[in-house]
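Remarks on the structure that follows.
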Amino acid sequence: MPHLREGFDVAIIGAGPAGSMAARYAAKAKARTLLLEEHPAVGWPVQCAGLLGLGAMAESELPGRSSVLQEMRGAAIFSPGGSRLDFKARAPRASVVDRRLFDRALACEALRAGAEMRLCSPVRGIRREGEESVLSLAGGEEIRASIVISAEGVRGRLARQGGIMPPEVILSGAQVEVPFSVEDPESVELHLGAAPGLFAWVIPTGEEAARIGLCARSRGWQHLQRFLGQEGIRERILGSATAINVGGLPLGPPARTVAEGLLVVGDAAGQVKPTSGGGIYPALVAAKIAGRVAAAAALEEDCSARRLQEYDHTWRAILGRELEIGMRANRMLNRMSAKECDELVSYLAARPGLIKSIEEHGDIDRPSRLMVRMLRRLDWDGLKLAGLLRYALG
């Protein structure tokens, strides 16, 4: 006979940023909240580049900045043919964080709010019994909860088991941390055309260290190995890799992110920016909504899919258009030839007014705002770029 444990109002699967924030907000709303993490430590394994915009840092609501390794003010964008665009803001626009420290700080805030957490607790299955969900853990233990929030990451196995479709696309990502000759410790490098899917990045974590990675439609690790061997990268590597991370990057949320007694948040729901691959900002925004809605529904004893639709409607009202614009921009870039990428980067690099707009209004969490401003500044020479931006903005 399985061992049954006292029930909870809300159970969250996964103690990443989305899960911890959902747990914090559910607990703040006076729901009995349980956070389940399959690994023996929060923040491991690391599967993220760790570059957070100002919006993500604000949404984290963390009181200190102990997880911040480096602040970023600019970027250098390289086209496949070697054209280059540089811009740099006066003030920091993003932070490079230690994801282990960042994730653990978020989990601690959830615990301070009253949530309970269990490590080494992988959930093997989920089923609905009457007005409750039953979570099956390894070893035969079962936990009951009125509502379950799946924040289990890109695989989303239990979310799929609950009837939620997978994201539209899952890219193959790979990253290494290496001793590296950094050109500018306050600027990120973005290399277009390194692989079909997204782009390659070089993110400084100091003056002589960087995270180098990329996302591709498939075989991310093989594409990364080729990128590391390219001229301009190979000779700047100062030693062996100190860390290797591989994983999937989900793009494009499914048509619905709720079912009877179930909400899905973060990577499992495809809440990732398709322009940059960053998922922390949308995950934190959606997780707060998920925690509040789950707690309210559980305390009202109405866990129907209809009641939980409030979560789906609310997060889409805030994030949906930005994610859709991002998907269009991602498709646009993937359809461009290497020559067209060269022309685009060269065009932007030759126009100080557009560079100034990027420096003043660039926001990796809300890139559509910059697109609108750029569209207003384009002259007739930029007609092709204007057409691309109009397509992305719909």
Side-chain angles (χ1 to χ4, degrees), residues 8 10-28 31-52 56-57 59-69 95-124 135 137-139 141 143 145 148-159 173 175 177 205 211 242-248 250 263-269 271-272 278-288 290-291 294:
F8 292 84
V10 180
I12 297 102
I13 304 171
S20 290
M21 187 60 77
R24 179 181 178 183
Y25 269 69
K28 283 173 61 176
R32 292 171 298 165
T33 304
L34 177 64
L35 183 57
L36 295 164
E37 169 57 46
E38 65 176 323
H39 298 103
V42 173
W44 185 262
V46 176
Q47 293 181 328
C48 173
L51 181 66
L52 277 61
M57 294 300 292
E59 289 293 338
S60 74
E61 300 179 8
L62 293 177
R65 296 176 61 83
S66 60
S67 64
V68 175
L69 302 175
S95 297
V96 182
V97 302
D98 183 317
R99 273 295 305 273
R100 288 168 291 187
L101 296 178
F102 181 79
D103 288 18
R104 289 172 191 176
L106 288 173
C108 286
E109 291 301 314
L111 300 184
R112 289 191 184 97
E116 177 183 337
M117 182 167 66
R118 290 183 56 186
L119 300 172
C120 300
S121 299
V123 180
R124 303 302 190 193
L135 302 178
L137 275 62
E141 182 181 1
I143 293 177
V148 173
I149 298 177
S150 166
E152 57 191 304
V154 62
R155 290 174 298 169
R157 181 178 56 83
L158 297 167
Q175 177 179 270
E177 293 191 37
T205 57
R211 296 169 183 164
T242 57
I244 298 174
N245 309 114
V246 295
L263 298 86
V264 184
V265 69
D267 282 7
Q271 293 164 338
V272 174
I280 302 298
Y281 171 73
L284 293 177
V285 171
K288 294 176 183 180

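FYI, side chains are in, hydrogens and waters are out, and symmetry mates aren't considered; it's all heavy atoms of this structure.
- Interatomic distance, CD of Glu116 versus CG of Leu35, reported as 10.0 Å (0.5 Å rounding).
- A 4.5 Å side-chain heavy-atom check between Ile13 and Leu135 finds at least one atom pair inside the cut-off.
- Legend: residues meeting side-chain hydrogen bond (donor to acceptor under 3.5 Å, both in side chains) with Lys28, ordered by chain and number and at least two apart, are absent.
- Here the straight-line distance linking atom OG of Ser20 with atom CD of Glu37 works out to 8.0 Å at 0.5 Å rounding.
- Contact record, Ala115 with Ala27: N-CB, 3.6 Å, taken as the closest heavy-atom pair.
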Begin with the C-alpha distance, continue with both residues' side-chain angles, and end with the deciding distance and a verdict on side-chain contact (heavy atoms from CB on, under 4.5 Å) for Leu137 and Val123.
CA-CA 5 Å; Leu137 275 62; Val123 180; 4.3 Å; yes
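- Between the CZ atom in Phe102 and the CE atom in Met57 there is a gap of 6.0 Å [rounded to 0.5 Å].
- Residues Leu101 and Ser67 share a closest heavy-atom pair of CB-CB, 3.8 Å.
- Side-chain contact between Leu36 and Ile143 is present, with at least one heavy-atom pair separated by less than 4.5 Å.
- Taking the side-chain contact (heavy atoms from CB on, under 4.5 Å) definition, one finds that Glu38 meets it with Pro122, Arg155, sequence neighbours left out.
- The neighbour count for Arg104 CZ, taken as heavy atoms of other residues, nucleotides or ligands under 6.0 Å away, is above 12.
- At least one side-chain heavy atom of Arg99 sits under 4.5 Å from a side-chain heavy atom of Pro17.
- With values rounded to the nearest 0.5 angstrom, Ser150 atom OG is found 10.0 Å from Arg157 atom CZ.
- The nearest pair of heavy atoms linking Ser60 to Met21 is O-CE, 3.5 Å.
- Taken from CZ in Arg24 to OG1 in Thr33, the straight-line distance is 13.0 Å, to the nearest 0.5 Å.
- Contact of the Val96 side chain with the Arg211 side chain is registered, since non-hydrogen atoms from C-beta on lie closer than 4.5 Å.
- Closest of all the heavy-atom pairs between Ala23 and Ala110 is CB-CB, 4.1 Å.
- In terms of heavy atoms, Leu111 sits closest to Met117 at CD2-CB, 3.7 Å.
- You'll find the side chain of Asp98 stays beyond 4.5 Å of the side chain of Thr205, heavy atoms only.
- Looking only at side-chain heavy atoms (C-beta outward), Val285 and Gln271 stay at 4.5 Å or farther from each other.
- Shown here for Ala290 and Ile149, the closest heavy-atom pair between the two residues is O-CD1, 3.8 Å.
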